[in-house]
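First up is the structure itself, then whatever we jot down about it.
Below, read A as the first sequence line, B as the second, and so on, with proteins coming before strands; counting in each chain starts at 1.
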Protein chains: 2
Amino acid sequence: MLEYSAQLDLAFHALADGTRRAILERLSRGPASVSELAKPFETSLAAIHQHVQVLEASGLIATEKRGRTRECRISAETIMRVEHWLNERRQLWEQRFDRLGKLLENNEFQNMAGAGGTADGGEHR
Amino acid sequence: MLEYSAQLDLAFHALADGTRRAILERLSRGPASVSELAKPFETSLAAIHQHVQVLEASGLIATEKRGRTRECRISAETIMRVEHWLNERRQLWEQRFDRLGKLLENNEFQNMAGAGGTADGGEHR
DNA sequence: CGAATACTCAAGCATAGGCTTAAGTAACCG
DNA sequence: CGGTTACTTAAGCCTATGCTTGAGTATTCG
């Protein structure tokens, strides 16, 4: 199994392309074959096939060959992992922001009896 | 202002690199200068500076020059936009999955009086 | 069986990415 | 003022990406 960071590399890289995101949007509405996925685009089928391969390697989709068509469908796990990573960072940041907010509030109370304070809650480093 | 899709391109691309994600992790714990960000890595300061530029262009961080140092800090908006996009896709997918689940349940009830059905809830296309 | 369909694979090509080294440039420090 | 610090810029290099075209290969249909 790939290490966590390498998985995120693949997933974020896969998501960093508008065509691939459009494919995901299509698939979030239900499974489709490669040529169905290709229809909305002007690029070649081979190019879409390559995008599908990138998406599958990232774990964002899963595919299965049925006869001569390949059915592609969204896979939940990876998108959840990505959301989880983002969520953790954001929460860390928000916690810090809340603490900073409270600090500033306290400063304001203190400053009510003094002169205008700095705009920056200097707890840097 | 950049169009939405181009913003996502930049953000996901910025997130698709382990070094840049590590920088974000560091910054989610509080602002830092470029050389502080560079310390944990073996790469050159110039390389880290380039990563910082990519992150800033994506909107994931904001920076401000103070004297001869540049203070870098997380910026919330973009990370929230990215989470929002992922969340929407996942919800679409989950809705579909729920409907499919209910369909399969119904099939099971129907199949209790009949023979073994197909494993696939064939509502494809 | 033979044609059409639906990928699949392999080269080749142009651009973008990430890194390095080697200069700058702009504050600070003594 | 001169040296150190902290970026900043530029050039070059090598790899990775995304796309195309031109073959395959496997299925399905008449």
Side-chain angles (χ1 to χ4, degrees), chain A residues 2 5-24 26-27 30-73 122 124-125, chain B residues 2 5-24 26-27 31-73 120 122 124-125:
Chain A
L2 278 176
S5 179
Q7 281 190 2
L8 287 175
D9 280 5
L10 290 176
F12 280 125
H13 167 68
L15 288 164
D17 181 282
T19 302
R20 285 196 290 264
R21 285 199 305 278
I23 290 176
L24 283 176
R26 167 64 189 79
L27 291 180
S33 69
V34 176
S35 39
E36 278 169 351
L37 292 177
K39 263 176 203 160
F41 304 103
E42 295 185 347
T43 54
S44 67
L45 182 66
I48 300 297
H49 178 238
Q50 285 166 23
H51 282 308
V52 165
Q53 287 181 322
V54 170
L55 285 166
E56 186 169 22
S58 76
L60 286 166
I61 72 171
T63 77
E64 191 189 346
K65 191 92 191 206
R66 300 202 173 180
R68 62 183 160 167
T69 76
R70 177 171 295 276
E71 188 173 277
C72 310
R73 52 176 72 242
H124 171 214
R125 248 213 138 217
Chain B
L2 278 177
S5 179
Q7 282 189 3
L8 287 175
D9 279 5
L10 290 176
F12 280 124
H13 167 68
L15 288 164
D17 182 282
T19 302
R20 286 196 289 265
R21 286 199 305 278
I23 290 175
L24 283 177
R26 168 62 189 80
L27 290 180
S33 69
V34 176
S35 39
E36 277 169 351
L37 291 176
K39 262 176 205 161
F41 304 102
E42 294 185 347
T43 54
S44 68
L45 182 66
I48 299 298
H49 177 239
Q50 284 166 22
H51 283 308
V52 165
Q53 286 182 322
V54 170
L55 286 166
E56 186 169 21
S58 76
L60 287 166
I61 72 170
T63 77
E64 192 189 345
K65 191 91 191 203
R66 299 202 172 179
R68 60 184 160 164
T69 76
R70 177 172 295 277
E71 189 173 277
C72 310
R73 54 176 70 244
D120 183 49
H124 171 214
R125 245 209 137 222

Looking at C/dA6, I'd like to know if its phosphate oxygens (OP1 or OP2) sit under 4.0 Å from a side-chain N or O belonging to A/Arg70.
no
In whole angstroms, how far is the P atom of D/dT8 from the CD atom of B/Gln53?
8 Å
Over how many whole Å does the gap from B/Glu36 atom CD to D/dT5 atom P extend?
15 Å
Exercise answer: donor-acceptor pairs, residues 16-23 of chain B side-chain atoms, under 3.5 Å, sequence neighbours excluded:
{"unit_1": "B/Asp17", "atom_1": "OD1", "unit_2": "B/Thr19", "atom_2": "N", "d": "2.8"}
{"unit_1": "B/Asp17", "atom_1": "OD1", "unit_2": "B/Arg20", "atom_2": "N", "d": "3.1"}
{"unit_1": "B/Arg20", "atom_1": "NE", "unit_2": "B/Ala14", "atom_2": "O", "d": "2.8"}
{"unit_1": "B/Arg20", "atom_1": "NH1", "unit_2": "B/His51", "atom_2": "ND1", "d": "3.1"}
{"unit_1": "B/Arg20", "atom_1": "NH2", "unit_2": "B/His13", "atom_2": "O", "d": "3.2"}
{"unit_1": "B/Arg21", "atom_1": "NH1", "unit_2": "A/Asp9", "atom_2": "OD1", "d": "2.9"}
{"unit_1": "B/Arg21", "atom_1": "NH1", "unit_2": "B/Leu15", "atom_2": "O", "d": "2.8"}
{"unit_1": "B/Arg21", "atom_1": "NH2", "unit_2": "A/Ser5", "atom_2": "O", "d": "2.9"}
{"unit_1": "B/Arg21", "atom_1": "NH2", "unit_2": "A/Ser5", "atom_2": "OG", "d": "3.0"}
{"unit_1": "B/Arg21", "atom_1": "NH2", "unit_2": "A/Asp9", "atom_2": "OD1", "d": "2.8"}

What's the CD-P distance between B/Glu71 and D/dT8, to the nearest Å?
13 Å
Say you draw a straight line from OG of B/Ser33 to CD of B/Glu71; how long is it, rounded to the nearest 0.5 Å?
8.5 Å
side-chain contact (heavy atoms from CB on, under 4.5 Å) partner of B/Ile61, the single match among B/Leu24, B/Val54, B/Leu37:
B/Leu24
Please walk me through it: do A/Leu60 and A/Leu27 pass side-chain contact (heavy atoms from CB on, under 4.5 Å)?
CA-CA 10 Å; A/Leu60 286 166; A/Leu27 291 180; over 6 Å; no
Figure out the CZ/C1' separation between A/Phe12 and C/dG17, and round it to whole Å.
18 Å
CD1 of B/Ile48 versus C1' of D/dT8: gap in Å, rounded?
15 Å
May I ask you to verify if any side-chain N or O of B/His49 is less than 4.0 angstrom from the OP1 or OP2 atom of D/dC7?
no
Taking atom CG of B/Leu45 and atom NZ of B/Lys39, what is their separation to the nearest 0.5 Å?
11.5 Å
Closest heavy-atom pair, A/Arg26 versus A/Pro31, reported as atoms and distance to 0.1 Å, is NH2-O, 3.5 Å
Protein heavy-atom contacts under 4.0 Å, written 5' to 3' over nucleotides 22-30 of chain D as B (base), S (sugar-phosphate only) or - (none), form the string -----BS--
Using a 4.0 Å heavy-atom cut-off across all strands, classify A/Glu42 as base, sugar-phosphate, or nothing.
nothing
Going from CD on A/Glu36 to SG on A/Cys72, what distance comes out if it is rounded to the nearest 0.5 angstrom?
9.0 Å
For B/Leu10 and B/Ala57, the nearest pair of non-hydrogen atoms, with its separation, is CD1-O, 3.7 Å
Is the phosphate of C/dT8, meaning OP1 or OP2, less than 4.0 Å from a side-chain N or O of A/Lys65?
yes
Could you give the CG-to-P distance, from B/Leu15 to C/dG18, as a whole number of Å?
12 Å
Contact class for A/Ser44 vs. all strands (heavy atom < 4.0 Å): base, sugar-phosphate, or nothing?
base
Taking protein heavy atoms under 4.0 Å as touching, what does nucleotides 12-18 of chain D look like 5' to 3' if B marks base contact, S marks sugar-phosphate-only contact and - marks none?
-----SS
Separation of atom CG in B/Leu37 from atom P in D/dA6, rounded to whole Å
13 Å
